[in-house]
2 protein chains.
Amino acid sequence: MSDASGLVAGEPAGAAVKRRQIRPKAERRQQLIDSTIRCIAQRGLSSVTMQMVTREAGLSVGIANLHFQSKDNLLKETLRFVADEYHGGQIEIMSGSDMPDLGQRLDALLDFQFGRGVTQRQKMSVWFAYYGEAGARPVYQKIVATSDRFAAQKLEALFVEIIKEGGYVGSDARELAIGYSALIDGLHLGLLVTPRELTKRCARAVARDFLRRAFPLHVR
Amino acid sequence: MSDASGLVAGEPAGAAVKRRQIRPKAERRQQLIDSTIRCIAQRGLSSVTMQMVTREAGLSVGIANLHFQSKDNLLKETLRFVADEYHGGQIEIMSGSDMPDLGQRLDALLDFQFGRGVTQRQKMSVWFAYYGEAGARPVYQKIVATSDRFAAQKLEALFVEIIKEGGYVGSDARELAIGYSALIDGLHLGLLVTPRELTKRCARAVARDFLRRAFPLHVR
DNA sequence: TGTCGGAATGAATAATCATTCATTCTAGGT
DNA sequence: ACCTAGAATGAATGATTATTCATTCCGACA
C-alpha cells in the first residue's frame, strides 16, 4: 500500500476535495462574524455552538479560538459589528450634509430603517437576541449603549433643526427623539415576532405617521 | 462512630434543617415558574440551567422534570405565564366597562404599562429574552402571537371608540394601535437596555405624548 | 398508631460543548 | 526549487448539563 491517502492525487472524487486556504486575519474574522450572524438567526443565540459557527463558515473548530480567543469574545465582536452597522448607517443619514432638505432626510432615514439592509430577518434576529440577554449581561448593554447614545444625539440634533425650521411650538426634540427611536425598535420587534400580522410596508407607514404628526410641514 | 449523620436528631444546627415538604402540584408548578423568571432575569435565558432553577426554588433537580417533563417545556410554560399576565392585565383595562370615561381608561393603561408590575426589570428581562429567541423558535412566536393578537384587537376597538367620540378625522384606529403597541414595546426595551438614560417617568411621558397627539381632546 | 400512594430527592448517566495543542499544510520570499 | 513563518486543522480533554430512576420520606386516612 504505497498510497495511504484515500484519494488519488488531484482527484475531485465526486464532492470537490476541500483544500486548505490561508487568508488574512481580517478576512477570516469577518467570515466568522457573518457565519455567527446566520447561526444566531437560524438557531437562536442560546443554542449557537462553536461547531455550528465554524461549520457554517466552512472552517475547522480551532480557527474561531485562534482569531477570537473565546466564544464569548466572538459573540461580543459580532454584536459590536451589528450595532456599528445599524447605528453607523443611521448616523450617516442624519448628519448627511449632502442632503439639505430636512424632510427629505427623514424619508431617507425611513428608507434605511425599513429597507433591505436593516430589516433582514437575520439582522433583526441577532439584534433582539442580544437585547434579550442584555438584562443579564452588562457587557452587551455597554456595547449597544455606546453607539446608541451617539445615534440618539444625532437624532435629537436633527429634530432640533426641524423644530426650529418649522416653528413647531410646544415640541420637545429630546422627547420626540426618544419616542421615535422606541417606535422604530418596537416596529422591528413586531416584524420579527409577528411577521404575519405586520408587513414592512405597514410598519413604514406607521413610523411615517408618527413623523407627520410631529412635523406636519416637513412630512407630506 | 455510632451516628453517621453529621447532625444529632432534631437539632437545628445553626442553619435550619431543611425538611422535605409535600405540596400540591399546581403550587409547585407556580413556584418553579417564578424561580425560572428570576433566573432568566439574573443570568439570561441562554445560561439558565435546571440546577439553577430548582436550587433557586429550594427544591431538588428531579422535581422540575416531574412537573414539566423537560426543560424545554418549563421554558415554554414560563413564557406562557408571562405573556398571559401582561396581555391579560392590558385586556382587562381596555375592556373595562367599569370605567366609562375613555380618557381615564387610557391613563389606567399607561399606569399599568409603566407601573410596578410590568416594568419590573425581572419581567422585562424575561419578556425580551424570549423575543430574542422568537426569530429562531416558532413555538415562542406562537405563544406570544396568541395573546398578542387578542390584545391588539382590544386596543384597536378602544381607539375606534375614542376616534368616534372625539370626531378625529383622518385617523386610522388600526394604524394608531400598531404604533402605540410598538412604542410601548420600544420604551420597555429602552428601560431594560439603557436604564441610565431613560427613566420610567420619562418613558411614560413619551407614551402619553403619543396619545395626546392622536387624541388631543381625551388626553390632557 | 399504622399503612401506603405518590411527592420529593439527588447520585449516576449519557450527551454536548468550549477549548487546547501537536501536527499538517500553504504561500510568499529567496 | 526550496524554506519557513504562521495559518489551519481536528482529535482529545475536561467541564457542564439535561434527564433518569432507585430510594426516601411525608401526611392523609383508616
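Chain letters run A, B, ... following the sequence lines, proteins first, then strands; residues in each count from 1.
In terms of the side chain to side chain donor-acceptor pair (under 3.5 Å) criterion, residue partners of A:Arg137 (sequence neighbours excluded) are, by chain and number, A:Asp72, A:Tyr140. Residues passing the side chain to side chain donor-acceptor pair (under 3.5 Å) test with A:Asn65: none are found, sequence neighbours excluded. Considering only residues two or more places apart in sequence or on other chains, B:Gln31 meets the side chain to side chain donor-acceptor pair (under 3.5 Å) condition with B:Arg28. The salt bridge (charged side-chain N to carboxylate O under 4.0 Å, His left out) test applied to B:Arg121 returns no partner, not counting sequence neighbours. Qualifying salt bridge (charged side-chain N to carboxylate O under 4.0 Å, His left out) partners for B:Arg80, counting only residues two or more places apart in sequence or in other chains: B:Glu77. Considering only residues two or more places apart in sequence or on other chains, B:Asp111 meets the salt bridge (charged side-chain N to carboxylate O under 4.0 Å, His left out) condition with B:Arg204. Partners of B:Glu85 under the salt bridge (charged side-chain N to carboxylate O under 4.0 Å, His left out) rule, at least two apart in sequence or in another chain, are B:Lys123.
Following rounding to the nearest Å, A:Lys71 (NZ) and D:dT16 (C1') show an atom-to-atom distance of 12 Å. Taking atom CD of residue A:Gln69 and atom C1' of nucleotide C:dT19, one finds them 12 Å apart after rounding to whole Å. In this structure, A:Arg28 atom CZ and C:dT26 atom P are separated by 13 Å, rounded to whole Å. The separation between B:Ile63 atom CD1 and C:dG6 atom P is 15 Å, rounded to whole Å. The distance from atom CG of B:Asn73 to atom P of D:dA18 is 15 Å, rounded to the nearest whole Å. Atom P of nucleotide C:dA7 and atom CG of B:Leu66 are separated by 7 Å, given to the nearest angstrom.
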May I have the list of side-chain donor-acceptor pairs in residues 126-134 of chain A shorter than 3.5 Å, sequence neighbours left out?
residue: A:Tyr130; atom: OH; partner: A:Leu75; partner atom: O; Å: 2.6
residue: A:Glu133; atom: OE1; partner: B:Ser46; partner atom: OG; Å: 2.7
residue: A:Glu133; atom: OE2; partner: B:Leu45; partner atom: N; Å: 3.1
residue: A:Glu133; atom: OE2; partner: B:Ser46; partner atom: N; Å: 3.2

Solution key, residues 180-192 of chain A side-chain donor-acceptor pairs under 3.5 Å, sequence neighbours excluded:
residue: A:Tyr180; atom: OH; partner: A:Gln113; partner atom: OE1; Å: 2.7
residue: A:Ser181; atom: OG; partner: A:Ala177; partner atom: O; Å: 3.1
residue: A:His188; atom: NE2; partner: A:Gln113; partner atom: O; Å: 2.8

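Applying the 4.0 Å criterion to OP1 and OP2 of D:dT20, one finds that B:Asn65 has a side-chain N or O inside that range. For the pair A:His67 and D:dA8, the criterion of a side-chain N or O lying under 4.0 Å from OP1 or OP2 is met. Dashed line: the shortest gap from a side-chain N or O of A:Arg23 to OP1 or OP2 of D:dA7 is not under 4.0 Å.
Few gaps surround NZ on A:Lys200; more than 12 heavy atoms of other groups in view lie less than 6.0 Å from it.
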Mind listing the N/O atom pairs, protein and nucleotides 25-28 of chain D, below 3.5 Å?
residue: D:dC25; atom: O4'; partner: B:Arg20; partner atom: NH1; Å: 3.4
residue: D:dG27; atom: OP2; partner: B:Arg19; partner atom: NH2; Å: 3.3

Under 3.5 Å between N/O atoms: give me all the protein pairs with nucleotides 28-30 of chain C, atom names plus distance.
none

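For the segment residues 30-61 of chain B, the set of residues with a heavy atom within less than 4.0 Å of an atom of DNA chain C comprises B:Leu59, B:Ser60, B:Val61, in numerical order.
The residue among B:Ser70 and A:Lys25 whose nearest nucleotide of DNA chain D is located toward the 5' end is A:Lys25.
Counting all heavy atoms, side chain and backbone alike, B:Met50 lies closest to B:Ala64 at CE-CB, 3.6 Å.
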